[in-house]
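Letters go in sequence order (proteins before strands), and every chain restarts at 1. Values in this document were obtained by computation on a predicted structure and should not be read as measured data.
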There are 2 protein chains.
Amino acid sequence: MNDATHPSLLLDQQLCFALYAASRSMTAAYRPLLDELGLTYPQYLTMLVLWEQDGLTVRELGQRLQLDSGTLTPLLKRLQQAALISRERRRSDEREVEICLTPEGRALREPAKAVPACMASRLCLSHEDMQRLRDELKQLAAQLSPPQAWLPPRTQT
Amino acid sequence: MNDATHPSLLLDQQLCFALYAASRSMTAAYRPLLDELGLTYPQYLTMLVLWEQDGLTVRELGQRLQLDSGTLTPLLKRLQQAALISRERRRSDEREVEICLTPEGRALREPAKAVPACMASRLCLSHEDMQRLRDELKQLAAQLSPPQAWLPPRTQT
DNA sequence: CAAAATTAAATTGTGTACAATTCAATTTTT
DNA sequence: AAAAATTGAATTGTACACAATTTAATTTTG
């Protein structure tokens, strides 16, 4: 009764499920560390971006994290409530909301520095294997969501 | 000002973010296909399990998908509303709820057979590379959530 | 066997994700 | 410059995730 013209529908054969399960395991593994910092996992990723570059707009943060305003707006409101960031309309363009770290938000970077090392030790992967896996996942994501590469480059109307 | 005793806090260096982004890209890539079937991504995974083995309990489904009743109960209610499954207390143990496919649920397997092939063609990965990546992700997840292996085996109180 | 402990689902509450819509500000067209 | 189109956030509504609690059924203990 097997139909060899189709790949398997078995759960354990699916790359998508392995990815989904691994991603949730990773989030769960971060949770106790991030609890110490008072951050959720997406909030931590957001702080990583802001520690790199302060004063981004919601749109720029969204591009970096690949999240839209529907996700970011409430998340950023919570970071603001936690006094880690400020949200202010730009004078130059009142549509844009600029996100800036508060002193507390900037200070949180210090204890956060221990997080990547702590996780790395849990992974039992060499730095090289870690990099390779990371880059394979980036390529996979790029393959799945080519940045509208197929859209014609507006030759004419 | 770099502190070489710590791994990087840069977003693009993080395996966790690559995993998180890839997982969401994968879900997004499945969405148009699953819309045709009237399923969400977690609902599709649930159906994969049931097409393999019908009549599982909520607990058994949860073990397979690594999801708890807080997630599964409402998801299964929606599958029941869509007339794809039935939910019934077991006579043998009234605590357990048995999930069975309806004829419609079983029939949905046919159009679903096209889904893995369609996704595979999007990935531009050889079957071997796909398997390797999948197995690396499984190992990563296993490493991150060892089934309480470190808990002492209850030697004494 | 009755009380205590355990188990399986369901419920409650918080926090994402994301499509679709709304609203206000800005830019482009006419 | 006024109308039309576009843009950036916010809002609305649906669907997960998951911790914590509750409830009911079953099993274990004393």
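For D:dC16, neither phosphate oxygen OP1 nor OP2 lies less than 4.0 angstrom from any side-chain nitrogen or oxygen of A:Tyr20. The phosphate of C:dA19 (OP1 or OP2) has a side-chain N or O of B:Arg31 nearer than 4.0 angstrom. Close to C:dA24, at under 4.0 Å from its OP1 or OP2, lies no side-chain N or O of A:Arg95. Side-chain nitrogen and oxygen atoms of B:Gln66 include none within less than 4.0 Å of the OP1 or OP2 phosphate oxygen of D:dA17. Between B:Arg87 and C:dA10 there is a side-chain polar atom (N or O) within less than 4.0 angstrom of OP1 or OP2.
In this structure, B:Arg90 reaches neither bases nor backbone, as no heavy-atom distance under 4.0 Å exists between it and the strands shown. Within the 4.0 angstrom heavy-atom criterion, only backbone atoms of the sugar-phosphate kind lie near B:Thr57; the bases stay farther away. Among the protein residues, A:Arg78 comes within range of the nucleic acid bases, having at least one heavy atom under 4.0 Å from a base atom. The residue A:Leu72 sits apart from the nucleic acid: no heavy atom pair falls under 4.0 Å. Here B:Thr40 lies in heavy-atom contact (under 4.0 Å) with sugar-phosphate atoms only.
Atom-to-atom, OH of A:Tyr30 to C1' of D:dA17 comes out at 19 Å; the value is rounded to the nearest Å. Spacing between atom CG of A:Leu34 and atom P of C:dT14 amounts to 20 Å, rounded to whole angstrom units.
A search for salt bridge (Lys or Arg N to Asp or Glu O under 4.0 Å) contacts involving A:Glu98 returns A:Arg90, not counting sequence neighbours.
Counting atom types as modelled, B:Ser69 pairs a side-chain N or O with a base atom of C:dA10 as donor and acceptor under 3.5 Å.
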